[in-house]
Amino acid sequence: MASRGERIAGAAAGETPPVTTPRGPAREAAERELSDPAYHQNDPGLLRRALDAFWEWLGDLFDRAGSAAPGGTAPGTGAPGEADA
């Protein structure tokens with residue numbers, strides 16, 4: 001069996017690539033494979049996703065309110081790593 005480097009060198013030399021599956025069937029096969037419940041057993045539940053979306057929305061709301069206020073945000077309340085102006 002050829003090593004990975006030999007396969008890459010062969011493909012660069014003009015040989016036919018080893019994958020000849022058309023795009024559509026390959027996409028469908030990938031969708032079938034990735035829909036397997038084993039890939040999603042550790043996904044967060046509905047309540048956790050809803051709470052995450054709520055807290056993200058609330059954070060964005062406060063960020064917009066702070067930037068719309070006269071003078072912007074107070075020093076030291078910006079994102080970590082931001083320099084105070």
Side-chain angles (χ1 to χ4, degrees):
M1 185 169 168
S3 71
R4 182 175 184 271
E6 290 170 341
R7 288 191 311 262
I8 291 172
E15 293 181 10
T16 305
V19 177
T20 58
T21 305
R23 180 177 292 214
R27 181 179 44 80
E28 292 168 2
E31 286 175 355
R32 277 192 308 275
E33 175 66 24
L34 294 175
S35 67
D36 185 343
Y39 290 109
H40 304 284
Q41 64 189 5
N42 295 321
D43 287 353
L46 179 62
L47 179 60
R48 180 61 191 213
R49 291 191 317 246
L51 286 172
D52 288 346
F54 170 75
W55 290 118
E56 184 174 344
W57 172 80
L58 190 61
D60 290 343
L61 179 68
F62 286 142
D63 287 343
R64 287 192 307 267
S67 64
T73 59
T77 61
E82 282 187 4
D84 293 334

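All of these numbers come straight from a predicted model, not from anything done at the bench. Numbers for residues simply follow the sequence, beginning at 1.
One hydrophobic cluster, built from ILVMFWY side chains closer than 4.5 Å, holds both L51 and L61. There is a path of hydrophobic side-chain contacts, each under 4.5 Å, that joins L47 to W55.
Crowding of E28 atom CD: a count of heavy atoms from other residues, nucleotides or ligands under 6.0 Å exceeding 12.
If you take CZ on R27 and OG1 on T21, they are separated by 13.5 Å, rounding to the nearest 0.5 Å.
R48 approaches P44 most closely through the heavy-atom pair CG-CB, 3.7 Å.
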